[in-house]
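For reference, positions follow the sequence shown, starting with 1. Worth saying up front: this structure is predicted, and the values here are computed from it rather than measured.
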Amino acid sequence: MSNLSSLAKYFKGGSAEAERDIRGEIFVPPTDVSDLMAFDFHPSVILLGNKGVGKSIFVSVLHEAYLKNNELSVLLTPDDLECDTILDKRTLADRKSAAYAQMLKAIAGIIGRHSQATEMAISSDVAALQNLAVNEGYSKADVVTKFAKIAAKALPSGAKFAQGLLEEQSRVLAKNNLTDIVNDYLTDRNSNIWLFVDDIDAAVSQGSKGEFDYAACWAIVSAALDLAQDISSLKCVVSVRSDIWHLMTRTHRHGIERRDKLGHIHELKFSEEELRAIFNKRISLAGRDAKSNSGIWDFFQQHNVTLPGETGQRRSWDQWLSKIARNRPRDLVKAVQMLISSARKSSGDVIGNEQAHSILYEYGRERVANIIDEYGQICPQIEEAVNDLTGKHTYSFLEIMEILEKSPARRAMQIDGVALKQTKEDAIKILRLLHMACFINPRIDAGDEYKHYNYQDYPDLVDLAKFNELQKYSWQVHPTFYSYAEEIKKRKRFSSW
């Protein structure tokens with residue numbers, strides 16, 4: 001069997017769902033994980049990160065780790081919420097109330113299921129939680145209720161006892177007392193419960209007008225934070241895409257009234273060095289699976305890849321792959337998948353320069369498709385905005401402003417449902433979005449060294465108020481898109497004939 005089969009086993013997905021069976025093994029925690037999981041001064045963490053950075057894998061691994069350590073943990077995704085019930089509410093307060101009730105019921109149901117296995121239903125509060133678990137499909141009816149029903153029929157002398165027990169068991173949980181019951185249960189047992197709310201922006205990506213519903217997203221986030229405040233033993237982690245959070249809180253100004261009460265806001269991000277560690281961890285696991293200890297040589301023709309172009313620069317595979325991944329582990333995995341597929345098409349057993357060069361256009365095209373998928377809700381014309389900047393690799397600020405100011409004249413453009421005009425202000429809005437998407441980044445040239453200012457580290461850099469400052473930067477299309485840009489240029493030339 002080719003070693004590529006072992007390599008494919010450890011580069012099989014790139015998402016939490018696709019890598020469910022190996023994510024615990026391949027997981028490489030970010031270097032600042034201790035800061036992320038410090039709940040000393042706050043009960044909640046808002047976990048930000050670009051799409052593809054690994055938020056879902058991170059929260060899934062944490063959730064599973066707590067469960068394996070016999071901690072109570074709940075992981076909620078859009079599939080676990082009745083999103084239409086939340087979206088149909090008219091006011092923010094009603095949306096938050098609906099989201100709060102759904103999350104609270106899920107937490108109580110998990111506690112009810114847990115108490116089934118650990119204690120008899122002798123307390124009316126515990127019995128009520130257990131009943132909720134049964135009603136919501138979390139567990140089977142507990143044996144105490146079954147025994148009580150049998151006793152009431154078969155043992156006349158036990159009927160009074162049985163009836164009392166049944167009354168305890170049938171207590172109904174009302175919304176207004178559920179928070180206190182959950183809190184009391186956890187406090188009495190000196191227990192914590194972990195709530196992970198993941199991928200919530202996906203639940204509200206389509207509003208009534210086909211636009212992103214920032215208010216609904218904020219309602220779900222705010223409800224989770226309120227739960228962490230109301231239940232003293234609850235620790236909460238809510239993951240939101242960085243671009244959505246920035247626009248939701250800065251542009252649409254949701255949450256401004258409680259900005260000092262948002263808990264800990266943490267940006268999940270990986271440097272190129274950390275991406276290289278992720279790659280090498282998977283290579284090591286693949287080598288073990290192939291029963292070899294030759295490292296990179298098991299899967300690649302040589303230690304370095306020769307980049308296309310006249311200079312023929314060479315980079316180590318981990319360095320090159322971490323660069324084109326644009327700080328996203330998902331994209332790193334996807335690039336290796338494409339290399340494996342290319343090698344197999346040529347009946348090869350290892351990956352070399354030929355495979356690296358062959359994937360560049362398609363890899364760049366797919367990343368543009370990702371940009372359209374991620375930011376098309378914000379700007380439906382973002383593909384055209386990307387293609388406007390494929391004329392060359394590097395621009396001065398004045399060059400890029402001239403192009404982007406004319407963009408609304410070439411086609412109707414909108415950002416967040418607002419039509420753009422041929423103004424500097426709206427050109428900056430387009431540039432900010434392209435910077436957010438990591439299609440183009442400002443850089444400072446200092447001799448032979450370049451310092452790039454990407455969005456994940458400098459989210460507030462592109463702003464009309466900084467117009468003069470922005471002129472000192474060169475603006476470079478990310479190298480991931482070079483082959484894609486060359487293809488678009490060819491098409492433009494042919495279409496002009």
Is any side-chain heavy atom of [X] less than 4.5 Å from a side-chain heavy atom of [Y]?
| X | Y | result |
| --- | --- | --- |
| Trp245 | Val221 | yes |
| Leu275 | Arg326 | no |
| Lys89 | Ser97 | no |
| Leu470 | Ile428 | yes |
| Arg314 | Thr306 | yes |
| Leu76 | Asp198 | no |

Taking [X] for its side chain and [Y] for its backbone only, find out whether a donor-acceptor pair lies under 3.5 Å.
| X | Y | answer |
| --- | --- | --- |
| Glu25 | Ile22 | no |
| Tyr395 | Ile403 | no |
| Thr390 | Asn387 | yes |
| Arg95 | Leu87 | yes |

Applying side-chain contact (heavy atoms from CB on, under 4.5 Å), can you list everything that pairs with [X], at least two apart in sequence or on another chain?
| X | answer |
| --- | --- |
| Glu469 | Leu461, Lys466, Lys472, Tyr473 |
| Lys269 | Glu267, Gln456, Asp457 |
| Ser483 | Leu360, Tyr361 |

Given the ring of Phe481, does Arg367 sit roughly above its face, with NZ or CZ under 6.0 Å from the centre of the six-membered ring and within 45° of the axis?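 Verdict for Phe481: no cation-pi partner in Arg367.
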
Salt bridge (charged side-chain N to carboxylate O under 4.0 Å, His left out) partners of Lys281, counting only residues at least two apart: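 Partners of Lys281 by the salt bridge (charged side-chain N to carboxylate O under 4.0 Å, His left out) criterion come out as none, since no residue qualifies.
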
With a 3.5 Å cut-off and sequence neighbours excluded, list the donor-acceptor pairs that the side chains of residues 42-53 form with protein atoms.
residue	atom	partner	partner atom	Å
His42	ND1	Ser44	O	3.3
His42	NE2	Ala38	O	3.2
Lys51	NZ	Asp373	OD2	2.9

More than 12 non-hydrogen atoms from neighbouring residues, nucleotides or ligands closer than 6.0 Å to CZ on Arg90, yes or no?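 No.
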
Flag if over 12 foreign heavy atoms under 6.0 Å of CD, Glu354: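 Check fails, neighbour count at 12 or below.
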
Please work out which of the three classes, parallel, tilted or perpendicular, describes the rings of Phe58 and Phe27, given edges at 30° and 60°.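 Ring orientation, 0 to 90° scale: tilted.
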
Evaluate the ring planes of His264 and His266, with Trp represented by its six-membered ring, and classify them as parallel (under 30°), tilted (30 to 60°) or perpendicular (over 60°).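 Geometry flag for His266 against His264: perpendicular rings.
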
Please evaluate residues Phe279 and Ile296 with respect to the criterion side-chain contact (heavy atoms from CB on, under 4.5 Å), reporting the C-alpha separation (whole Å), side-chain torsions for both, the decisive distance (0.1 Å), and the verdict. CA-CA 10 Å; Phe279 172 80; Ile296 198 79; 3.8 Å; yes

Basic-acidic side-chain contact under 4.0 Å: [X], [Y]:
| X | Y | result |
| --- | --- | --- |
| Lys429 | Asp416 | no |
| Arg365 | Glu487 | no |
| Glu402 | Lys406 | yes |

Sequence neighbours left out, what passes side-chain hydrogen bond (donor to acceptor under 3.5 Å, both in side chains) with Lys323? Give chain and number order.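 In terms of side-chain hydrogen bond (donor to acceptor under 3.5 Å, both in side chains), with neighbours along the sequence ignored, Lys323 is linked to Glu272.
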
State the CZ-SG distance between Phe196 and Cys236, to the nearest 0.5 angstrom.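 Nearest 0.5 Å value for the CZ-SG distance: 9.0 Å.
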
Between Asp199 and Thr77, is any side-chain donor less than 3.5 angstrom from a side-chain acceptor?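 No donor-acceptor contact under 3.5 Å links the two side chains.
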
Considering non-hydrogen atoms only, spot the tightest contact between Ala343 and Val350 and give its length.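 Looks like CB-O, 3.7 Å.
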
Smallest separation among heavy atoms of Leu332 and Ala325, with atom names: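 Nearest heavy atoms, Leu332 then Ala325: N-CB, 3.6 Å.
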
Please test Glu374 against Arg241 for salt bridge (Lys or Arg N to Asp or Glu O under 4.0 Å), starting from the C-alpha separation and ending with a verdict. CA-CA 10 Å; Glu374 294 166 28; Arg241 274 171 33 196; 5.6 Å; no

